[in-house]
Amino acid sequence: AIINNSELIRRLMYAQLNRVKNITDAFFVIMKSIFIPDIGSPGSAKMIKFQTGKFSGFINYSITNKNNYFDCNVLDNDDNFFKVYIKDEAAQLDLNKVFAIISTLKPVN
């Protein structure tokens with residue numbers, strides 16, 4: 001059962017086509033394909049799970065010499081969800097700089 005944003009994001013990020021056993025698994029695979037934008041070449045794509053004092057979530061990314069892509073799915077301690085997509089066409093960002101950007105997130109009241 002999905003009881004919060006954290007569980008929803010976790011199920012989306014871990015959904016895999018080769019593990020579909022029922023309609024719920026299929027739903028999450030389809031949602032994952034809709035939810036994650038283009039992050040460049042599949043050969044260079046990676047996913048990390050992270051947790052800091054204030055934030056947790058997943059970053060799907062591709063770092064190349066030409067373009068860097070970062071799809072950030074972030075939750076704060078209050079279960080607020082943030083979606084940040086960065087297309088770095090100058091290839092100037094790395095994960096540390098993306099974490100610096102994430103650290104500035106605040107919910108809109």
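If you read the sequence from its start, that first residue is 1, and numbering goes on from there.
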Do L17 and F35 share a hydrophobic cluster, counting only Ile, Leu, Val, Met, Phe, Trp and Tyr and linking them when any side-chain heavy atoms are less than 4.5 Å apart? no
So which heavy atom on I59 is nearest to which on Y61, and how close? O-CD2, 3.8 Å
Identify the heavy atoms of I102 and F55 that sit nearest to each other, and give their distance. O-CE1, 3.6 Å
Find out if a path of hydrophobic residues (ILVMFWY) with successive side-chain heavy-atom gaps under 4.5 Å connects M13 to Y69. no
Minimum heavy-atom separation for D79 to S6, with atom names? OD1-N, 3.3 Å
Evaluate the side chain to side chain contact (heavy atoms under 4.5 Å, CB included) criterion for residues Y14 and K49: first the C-alpha distance (whole Å), next the side-chain angles of each, then the deciding distance (0.1 Å), finally the verdict. CA-CA 11 Å; Y14 287 120; K49 180 179 179 181; 3.8 Å; yes
Give, for atom CG of N73 and atom CE of M47, the distance between the pair rounded to the nearest 0.5 Å. 10.0 Å
Going by the side-chain hydrogen bond (donor to acceptor under 3.5 Å, both in side chains) test, which pairs reach into residues 17-26, not counting sequence neighbours? none
To the closest 0.5 Å, what do you measure between CZ (F28) and CD (Q16)? 14.0 Å
Could you check whether S62 and S44, counting side-chain N and O atoms only, form a donor-acceptor pair closer than 3.5 Å? yes
Check: D76 and P107 side chains under 4.5 Å, non-hydrogen atoms: yes
Quick check: is L8 connected to F82 through a chain of hydrophobic side chains (ILVMFWY, heavy atoms under 4.5 Å apart)? no
Contacts of K83 meeting salt bridge (charged side-chain N to carboxylate O under 4.0 Å, His left out) (sequence neighbours excluded), chain-then-number -> D71
Atom CG of N5 and atom CZ of R10: how far apart are they, to the nearest 0.5 Å? 13.5 Å
Is the CD1 atom of I48 crowded by more than 12 outside heavy atoms at less than 6.0 Å? yes
Which distance, rounded to the nearest 0.5 Å, do you find between the NZ of K54 and the CG of L105? 8.0 Å
For residues I9 and F58, report the shortest heavy-atom separation together with the two atoms involved. CG2-CD1, 3.7 Å
Hey, what do you get for CD1 (I63) to CG (D94), rounding to the nearest 0.5 Å? 6.5 Å
Side chain to side chain contact (heavy atoms under 4.5 Å, CB included) between F70 and N60, intermediate numbers included: CA-CA 6 Å; F70 302 90; N60 301 291; over 6 Å; no
List the atom of I30, the atom of S33, and the distance in Å for their closest heavy-atom pair. O-OG, 2.6 Å
In Å and rounded to the nearest 0.5 Å, what is the CE to CG distance from M31 to L12? 6.0 Å
Could you list the donor-acceptor pairs under 3.5 angstrom formed by side chains in residues 84-92, with sequence neighbours left out?
unit_1, atom_1, unit_2, atom_2, d
Y85, OH, D38, O, 2.6
D88, OD1, A91, N, 3.3
D88, OD1, Q92, N, 3.3
D88, OD2, Q92, N, 2.6
D88, OD2, L93, N, 2.6

